[in-house]
Amino acid sequence: MNAGDILDCRYEITDKNGIIYIGRVDFDIEPMGSTVVNVPNDTAEYENETFIRFIFTAKEDTDYCENGYEVCFDQLRIAEGKACKVAEVKENVKAVETPLCITVAVGDVVYRFDKRKSAFISVKFGGRELLDRPLQYNFFRAPTDNDVMKYNWYKVHLNDFDVKSYGCELSASENRAEISVTQSFGWSIQQPFCRLKAVYVIDGSGLDIKCEAEFSNKIDMLPRFGIRLFMPKDFSRAEYFGYGPTESYIDKRQACYIGRFAADIGDMHEDYIRPQENSSHYGCRYLTVSSEDTSVMFTAGEEFSFNASQFSQEELAAKAHNYELERCESNVICVDYAMAGVGSNSCGPRLAEKYQLEKPLINAHFHIQISKI
């Protein structure tokens, strides 16, 4: 049977700003055949990275679906465009260093860095605190049913590490402040599982984080690497350009497509009966978390993954049933350089190396930009 007799086809052309063109396609494809379709708009016109998604829907009611039901889709990139770059903004930067703390003010934003913790313990915008807890590096995820290697994660304390600082230096000029730190992550008197060098650059365009992390051979498989923020509850809206609208991982994304999506953070949770890692989004070019009047945008040197949740990973890992979960007092934002795949070691082979994080050395880059809506 000719596929064109039972399916309708439409297409959507999308970039980081959303859907920019919609059209329809008439086609004839015999079984095991092929065809050529023409769509308007020369790819030379697209300044941004641009995708076209072909959506096939049922023409008539059938025993298994109604007329208009989406049977399948496919998506192609038709223009590479330019990477999401942060515009350079020159503003006066004032940096003050004390024996225990570094405070940097630029415009309406004030950053406070604790030397002992090697972490930003406060970020204020217009006098309002945006961090309920210090900004942290993140290595752990709530184990999935397939994460049989989770005992190694607990053994090396990816979930409850201590931070040791080996030095902190401030370099400041009129339009820029740079904080360089060396630190390690581990537990008590044990050898650290990670040593990290980071450079934080603060200027008019926001906070830029560049880090080099070296992991020990104590870690069998690293579940993730990124940063984690606990933000006030009214930062409840997430918008992103990446794989969606449902959860997606490096090895679990064929049911998703790249687009511009927005959702309330409370609606992004995947309610598995046994709580576990969920609702990450792979291949993101940007993420914006916003309240009514303030927007916080996250970008990275390359495509990244993120979670936005009302539950911490510790809470998900601790509870055996979904009805036991207690929401965090903050919204938890995890921006990951990479998240490991989620298949298939509970009843299948070990996760393929191409879906794991590389070790022992990871170089990551994150950028945080705060603005008024």
Side-chain angles (χ1 to χ4, degrees), residues 82-126 129-131 133-138 163 165-185 194-214 225-231 284-289 294-304 306 333-338 361-372:
K82 301 174 183 177
C84 292
K85 290 187 177 180
V86 179
E88 184 177 345
V89 180
K90 285 193 175 181
E91 282 198 57
N92 289 333
V93 173
K94 183 179 180 181
V96 177
E97 183 175 13
T98 65
L100 299 179
C101 187
I102 296 172
T103 302
V104 181
V106 51
D108 292 330
V109 188
V110 179
Y111 304 87
R112 192 159 172 242
F113 187 85
D114 188 312
K115 293 181 178 181
R116 293 169 299 178
K117 297 179 179 178
S118 286
F120 287 93
I121 58 173
S122 172
V123 177
K124 290 184 177 180
F125 180 64
E129 181 61 64
L130 304 185
L131 295 181
R133 303 185 194 179
L135 189 154
Q136 305 169 315
Y137 287 100
N138 196 17
V163 180
S165 178
Y166 301 102
C168 175
E169 294 182 1
L170 170 66
S171 173
S173 63
E174 182 181 357
N175 302 118
R176 170 188 173 104
E178 183 175 298
I179 302 170
S180 301
V181 299
T182 303
Q183 60 196 119
S184 69
F185 305 87
C194 175
R195 297 181 185 273
L196 182 142
K197 296 179 180 178
V199 177
Y200 304 100
V201 176
I202 300 169
D203 59 20
S205 65
L207 170 62
D208 203 61
I209 303 171
K210 291 184 179 179
C211 58
E212 179 183 89
E214 184 174 5
F225 177 65
I227 57 175
R228 181 166 67 156
L229 300 85
F230 288 79
M231 300 185 67
C284 291
R285 280 63 169 175
Y286 73 82
L287 162 68
T288 299
V289 179
T294 303
S295 171
V296 182
M297 174 179 278
F298 301 87
T299 53
E302 299 177 353
E303 298 170 12
F304 62 95
F306 84 91
I333 312 300
C334 299
V335 180
D336 295 316
Y337 160 80
L361 202 62
I362 289 179
N363 287 283
H365 179 200
F366 308 97
H367 189 87
I368 304 174
Q369 186 174 14
I370 306 167
S371 59
K372 198 164 187 68

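Phe113 is not listed as a side-chain neighbour of Leu170, based on a closest heavy-atom distance of 4.5 Å or more. Lys117 places none of its side-chain heavy atoms less than 4.5 Å from the side chain of Val163. Counting heavy atoms from C-beta on, the side chains of Ile368 and Leu135 come closer than 4.5 Å. Residues Phe298 and Ile333 meet the side-chain proximity criterion, which asks for heavy atoms closer than 4.5 Å. Contact annotation: the side chain of Met297 never approaches that of Ser371 to less than 4.5 Å [non-hydrogen atoms, C-beta and beyond]. Between Arg285 and Thr299, every side-chain heavy-atom pair lies at or beyond the 4.5 Å cut-off.
Under the 3.5 Å distance criterion, the side-chain polar atoms of Asp336 are left unmatched by any main-chain donor or acceptor of Phe306.
Nearest heavy-atom pair, Phe225 versus Ile362, reported as atom, atom and distance to 0.1 Å: CD2-CG2, 3.8 Å. In this structure, Ser118 and Gln183 approach most closely via the heavy-atom pair CB-NE2, 3.4 Å. The two residues Phe366 and Gly226 have their closest heavy-atom pair at CZ-CA, 3.9 Å. Nearest approach of Tyr200 to Val181, heavy atoms of both residues: CE1-CG2, 3.7 Å. Closest heavy-atom contact between Asp208 and His365: OD1-NE2, 2.8 Å. The two residues Glu178 and Val201 have their closest heavy-atom pair at OE1-CG2, 4.0 Å.
For Arg112, the CZ atom counts as loosely surrounded, since its 6.0 Å shell holds 12 or fewer non-hydrogen atoms of other residues, nucleotides or ligands. Under a cut-off of 6.0 angstrom, the local environment of CD in Glu129 is crowded, with over 12 non-hydrogen atoms contributed by other residues, nucleotides or ligands.
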**Worked verdict on Leu131 versus Ile121 for side-chain contact (heavy atoms from CB on, under 4.5 Å)** = CA-CA 7 Å; Leu131 295 181; Ile121 58 173; over 6 Å; no
**From CA spacing to verdict: side-chain contact (heavy atoms from CB on, under 4.5 Å), Tyr137, Cys194** = CA-CA 11 Å; Tyr137 287 100; Cys194 175; over 6 Å; no
**Message:** Before you tell me yes or no, could you show the steps for Asp203 and Asn175 under side-chain contact (heavy atoms from CB on, under 4.5 Å), namely the whole-Å CA-CA distance, both residues' side-chain angles and the distance that decides it to 0.1 Å?
**Reply:** CA-CA 6 Å; Asp203 59 20; Asn175 302 118; 5.9 Å; no
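Between atom CD1 of residue Ile202 and atom CZ of residue Arg176 there is a gap of 10.5 Å, rounded to the nearest 0.5 Å. To the nearest 0.5 Å, the span separating NZ on Lys372 from OG1 on Thr294 amounts to 5.5 Å. Separation of atoms CG (Leu229) and CD1 (Ile227) is listed at 5.5 Å; rounding is to 0.5 Å. Distance check: Tyr337 OH to Asn138 CG gives 15.5 Å after rounding to the nearest 0.5 Å. Atom OH of residue Tyr111 and atom OG of residue Ser122 lie 11.0 Å apart, to the nearest 0.5 angstrom. The SG atom of Cys334 sits 12.5 Å away from atom CZ of Phe304, with the distance rounded to the nearest 0.5 Å.
A side-chain contact (heavy atoms from CB on, under 4.5 Å) with Lys115 holds for exactly one of Ile102, Ile179, Leu100; it is Ile102.
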